[in-house]
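In what follows, a structure is listed as structure tokens, so that the remarks can point back to it.
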Amino acid sequence: MTESPAQPAASPCPDAGGGEQRLLKLQRLAAAGFAPFGQAFPDTRLLTDLRAGFQEGLGVRTAGRLMTIRDMGKSIFADLRDGSDRLQLYAGKSQTAEFDTFKHLLDAGDLIGVEGELFTTRMGEPTIRILKWTLLAKALRPLPEKWHGLKDVEIRYRQRYLDLVANPDVRRLFDQRSQALREIREFLWAKGFREVETPMMQPQAGGAAARPFKTRYTALNADMFLRIAPELYLKRLLVGGFDKLFELNRNFRNEGLSKTHNPEFTMLELYQAWSDRKGMQALVQEMIVSVAQKVVGSLQVGRDENRIDLALPWREVTYRDLILEKAGSDWYDLAPDAARAHATSLGLAIDPTWSMSQITHEIYEKLIERTLKNPTFVTRLPRELVPLAKACADDDSVVDVFELVIGGKEIAPGYSELNDPVEQRKRLEAQSGAEAQKVDEEFLLALEHGMPPAGGMGIGIDRLVMILTGAETIRDVILFPQLKPKTTEEAQKVIR
RNA sequence: GGGCCGGUAGCUCAGGUGGUAGAGCACGGCACUUUUAAUGCUGGGGUCGCGGGUUCGAAUCCCGCCCGGCUCACCA
């Protein structure tokens, strides 16, 4: 092997991960005429297309990351992966240019461009015979373990790119998330909805009950809040004549983390003038079924414990009936003390200061909601729970809303929007009480100019993606979930 | 924020009762022209999360802290 590049007698500066070793290889690649971190490599084909359009002997040009290298001496097999698929590479001493450089200076993890031809190996594996190749980027750090993948959840979240490279299922899941977002937009666009963008920085955070993140806008010398919901701005647009509109973007809530909560989360909110709660119910049902069909290809979604049947029709049941079913048909006739005792006997910890409606809601949240696996519209919620919804025509103690529950999680609330500015003011003032956030006067002013009767709803997109993919935790459907910032030496241990 | 569990090589993991740290993958060297978790031989690689303490001696026992997971509380 006289033409092989000079080998170092031993690692001059050995290290566990091979970083120094790889730096050395990089220098030698540069000496051999390869641009250390490559140049544009245009006119490539996706590996999935090469696989689908496989033709013996077809000339191909492609690029990707080397995943594994199987060195057989004068013959090398390797796996190449791009964003679409993986495909086997073959390098032969008598056929591949710069064979020895390939053999000695490339590592799993490197990015290369390849020109060659398709053939089938003896084992029947579709393969690219490399005629020419070039270095597009040298990976100075090794890939995670090839067989077990990357399991350390902290690294998976903090260095999601490694998770995506090492765990194909993760890549597939986020691809599904992308598709779901696209399908939602296309579905709504086809129905005549328009996507709008309203402020994420708001002088007061309204439209929901949650602690906001606070920030400071220096130029205006004013405190600002990251929005907890876009609702009050979207309704201003209803007043302005956007009859069908939606916003699909982030909300921020300064609350705890859990398997179903991330401080920034993606919400679809939409409004349709001249419609109502029933219209929203029909719309959300059609939308979710359509998205599931296109993204999952089935209405049986999730896995194992999280298996859910999205087949129509979906159950619709009133809040009251669910309560009666769980707490007994005489629940609403019980005296407060008896109710408290009964709730306790159901296994709940009841705060002695709670009102009847708070106790009732505790029963709903702790004992009922999480048991509703298949899609369920819970309707006619108590008025005080939803200050922005219209009261039911036949009973003003309940509002004309639905809460769509799937997989035991709140996925989408929807309602007939309250458009009476006088009533709206009363409800907001009742809700805000003494210390909570002030009433949004600008919003009420807009209502006074006339907001059409409308249906509106919100869909928690992260939770919807959890349902569709069977993900156990919201962190698995958010590319970069919130983690505590870390400034370890680990993070500063840079290769120089 | 509370409770419980965890952190050992780049990754995946072993390391009863305290005695100076191992394997596989990855990386270097050698062999091999159809392998695919390639194989065989061989070599290098560790502040055992961080800081204190106990001890002749700590990955191991004690205390504090950091980060993560689960869970409870707030919230969608």
Side-chain angles (χ1 to χ4, degrees), chain A residues 1 7-22 24-25 67-79 86-96 99 104 107-109 119-127 129 139-159 162 166 208-212 228-229 251-263 265-267 349 351 365-366 369 403-405 409-413 458-464 472-475 481 483-491 493 495:
Chain A
M1 249 191 279
Q7 302 301 316
S11 317
C13 186
D15 66 308
E20 297 296 337
Q21 198 59 250
R22 286 168 181 243
L24 187 68
K25 288 179 175 179
M67 298 304 290
T68 64
I69 300 174
R70 296 178 288 282
D71 180 357
M72 314 278 302
K74 297 188 175 62
S75 201
I76 301 172
F77 290 90
D79 286 335
R86 66 156 280 280
L87 204 60
Q88 179 166 267
L89 299 177
Y90 168 82
K93 186 163 178 64
S94 59
Q95 300 139 71
T96 302
F99 176 84
H104 291 289
D107 293 299
F119 77 108
T120 308
T121 66
R122 201 183 286 163
M123 299 304 288
E125 176 87 12
T127 301
R129 175 180 290 113
L140 296 181
R141 291 179 187 266
L143 249 24
E145 223 266 354
K146 66 180 174 187
W147 184 243
H148 298 95
L150 179 65
K151 291 188 173 170
D152 185 314
V153 289
E154 189 173 351
I155 302 178
R156 287 187 47 224
Y157 297 150
R158 288 193 196 277
Q159 295 178 268
L162 288 179
R211 188 194 312 154
I228 55 176
N251 286 346
F252 306 85
R253 298 188 184 178
N254 201 344
E255 309 282 356
L257 295 154
S258 82
K259 286 169 99 164
T260 49
H261 297 86
N262 195 64
F265 62 101
T266 301
M267 182 84 139
D351 186 309
E365 289 200 320
K366 291 290 156 59
E369 187 177 80
E403 183 71 54
L404 174 59
V405 181
K409 295 185 260 288
E410 291 173 49
I411 296 298
I459 301 182
I461 298 300
D462 310 283
R463 291 180 180 182
L464 178 62
E472 295 281 340
T473 158
I474 198 167
R475 297 184 194 92
L483 294 177
K484 212 161 176 175
K486 202 177 183 183
T487 49
T488 57
E489 288 99 58
E490 180 75 24
K493 221 185 271 172
I495 294 173

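Since we're looking at a predicted model, the values are computed, not measured. Residue numbering restarts at 1 for every chain, and letters A, B, ... go by the order of the sequence lines.
Here CD of A:E472 is found 5.5 Å from NZ of A:K259. Values are rounded to the nearest 0.5 Å. Atom CG of residue A:L140 and atom CG of residue A:D107 lie 9.5 Å apart, to the nearest 0.5 angstrom. Considering CG of A:D79 and CD of A:E125, their distance stands at 7.5 Å, rounded to 0.5 Å.
Contact of A:H148 with B:C11 (side chain to base): no donor-acceptor pair of N or O atoms is detected under 3.5 Å. At a cut-off of 3.5 angstrom, counting only N and O atoms as typed in the model, there is a donor on one side and an acceptor on the other between the side-chain of A:Y90 and the base of B:U33. Scanning atom types as modelled, one donor and one acceptor separated by under 3.5 angstrom connect the side chain of A:T121 and the base of B:U35.
A:S258 comes within 4.0 angstrom of no nucleic acid atom, judged by non-hydrogen atoms across all strands. Residue contacts for A:R463: at a heavy-atom cut-off of 4.0 Å it reaches a base atom on one of the strands shown. Across all strands, A:E410 comes closer than 4.0 Å only to sugar-phosphate atoms, never to a base (heavy-atom distances). As judged by a 4.0 angstrom heavy-atom cut-off over every strand, A:F119 is placed among the base-contacting residues. Using a 4.0 Å heavy-atom criterion, one finds that A:G149 contacts the sugar-phosphate atoms exclusively. A:G460 comes within 4.0 angstrom of no nucleic acid atom, judged by non-hydrogen atoms across all strands. Note on A:N262: a base of the nucleic acid sits closer than 4.0 angstrom, heavy atoms only. Among the atoms of the strands shown, none is found under 4.0 Å from any heavy atom of A:I411.
Atom CG in A:D71 sits roughly 13 Å away from atom C1' in B:G40 (whole-Å rounding). Note: CD1 (A:I155) to P (B:G10) measures 10 Å, nearest angstrom. If you measure from atom CD1 of A:I69 to atom P of B:C27, you get 7 Å, rounded to the nearest angstrom. Rounding to whole angstrom units, NZ of residue A:K74 and C1' of B:U35 are separated by 16 Å. As a whole-Å value, the separation of A:E255 CD from B:C75 P is 7 Å. Taking atom CD of A:Q159 as the reference point, atom C1' of B:C67 lies 14 Å away to the nearest angstrom. Residue A:K93 contributes atom NZ, which lies 11 Å from atom P of B:U33 at whole-angstrom precision. Following rounding to the nearest Å, A:R156 (CZ) and B:C67 (C1') show an atom-to-atom distance of 17 Å.
Taking all atoms of both residues into account, the shortest heavy-atom contact from A:I228 to A:R211 is CG2-O, 4.3 Å. Annotation for A:K146 and A:T68: closest pair CD-CG2, 3.8 Å, computed over non-hydrogen atoms. Closest non-hydrogen pair, A:G73 versus A:F99, comes out as O-CZ, 3.6 Å. The minimum heavy-atom distance linking A:A208 with A:R253 is given by the pair CB-NH2, 3.4 Å. The two residues A:E410 and A:R463 have their closest heavy-atom pair at O-NH1, 3.1 Å. Among all heavy-atom pairs drawn from A:P144 and A:L162, the shortest one is CD-CD2, 4.2 Å.
With sequence neighbours excluded, no residue forms a side chain to side chain donor-acceptor pair (under 3.5 Å) with A:E369. For A:D71, the salt bridge (Lys or Arg N to Asp or Glu O under 4.0 Å) partners two or more places apart in sequence, or in a different chain, are A:K103. The salt bridge (Lys or Arg N to Asp or Glu O under 4.0 Å) check on A:R475 picks up nothing, with sequence neighbours excluded. Partners of A:Q88 by side chain to side chain donor-acceptor pair (under 3.5 Å), not counting sequence neighbours, listed by chain and number: A:R70, A:T127.
Straight-line distance between the C1' atoms of B:A14 and B:G46: roughly 15 Å, to the nearest whole Å. Only the P atoms considered, B:G10 is 13 Å distant from B:G45, to the nearest whole Å. Going from the P atom of B:U47 to that of B:G64 covers 27 Å, rounded to whole Å. The same atom, C1', is picked in B:G19 and in B:A58; the two are 10 Å apart, to the nearest Å. Rounded to whole Å, the separation between the P atoms of B:U60 and B:G7 comes to 12 Å. Taking atom C1' in both B:G22 and B:A9, the straight-line distance is 10 Å, to the nearest Å. Rounded to the nearest Å, the gap between the P atom of B:C5 and that of B:C62 is 12 Å. On the C1' atoms, B:A21 is 8 Å away from B:U8, given to the nearest whole Å.
Heavy-atom distances to RNA chain B give each of A:D107 and A:E369 a nearest nucleotide, and the one nearer the 5′ end belongs to A:D107. Mapping A:L150 and A:R129 onto RNA chain B by nearest heavy atom places A:L150 closer to the 5' end of the strand.
Side-chain N/O atoms of A:R70 include one lying less than 4.0 angstrom from OP1 or OP2 on B:A38.
Distance from the side chain of A:P142 is smallest for B:G10 among the nucleotides B:U34, B:G10, B:U12. Side chain of A:R22, nearest nucleotide from B:A26, B:U33, B:U36: B:A26. Considering only side-chain atoms of A:K151, the nucleotide from B:C13, B:C75, B:A38 that sits closest is B:C13. The side chain of A:W147 sits closest to B:A37 out of B:A37, B:U36, B:C27. Comparing B:U36, B:C75, B:C11 by their nearest atom to the side chain of A:P144 picks out B:C11. Comparing atom distances between the A:A210 side chain and each of B:U35, B:A37, B:C75 picks out B:C75 as nearest. Listed nucleotides: B:A37, B:U36, B:G29. Nearest to the side chain of A:Q88: B:U36.
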When you compare the protein's N or O atoms with those of nucleotides 68-70 of chain B, which come within less than 3.5 Å of each other, and at what distance?
from: B:G68; atom 1: OP1; to: A:R158; atom 2: NH2; distance (Å): 3.3
from: B:G68; atom 1: OP1; to: A:K484; atom 2: N; distance (Å): 2.6
from: B:G68; atom 1: O4'; to: A:E154; atom 2: OE1; distance (Å): 3.1
from: B:G69; atom 1: OP1; to: A:R475; atom 2: NE; distance (Å): 3.2
from: B:C70; atom 1: OP2; to: A:R475; atom 2: NH1; distance (Å): 3.0

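Listed by first residue number, the stems of RNA chain B with at least three Watson-Crick or G-U pairs below 3.5 Å are B:1-7 with B:66-72, B:10-13 with B:22-25, B:27-31 with B:39-43, B:49-53 with B:61-65.
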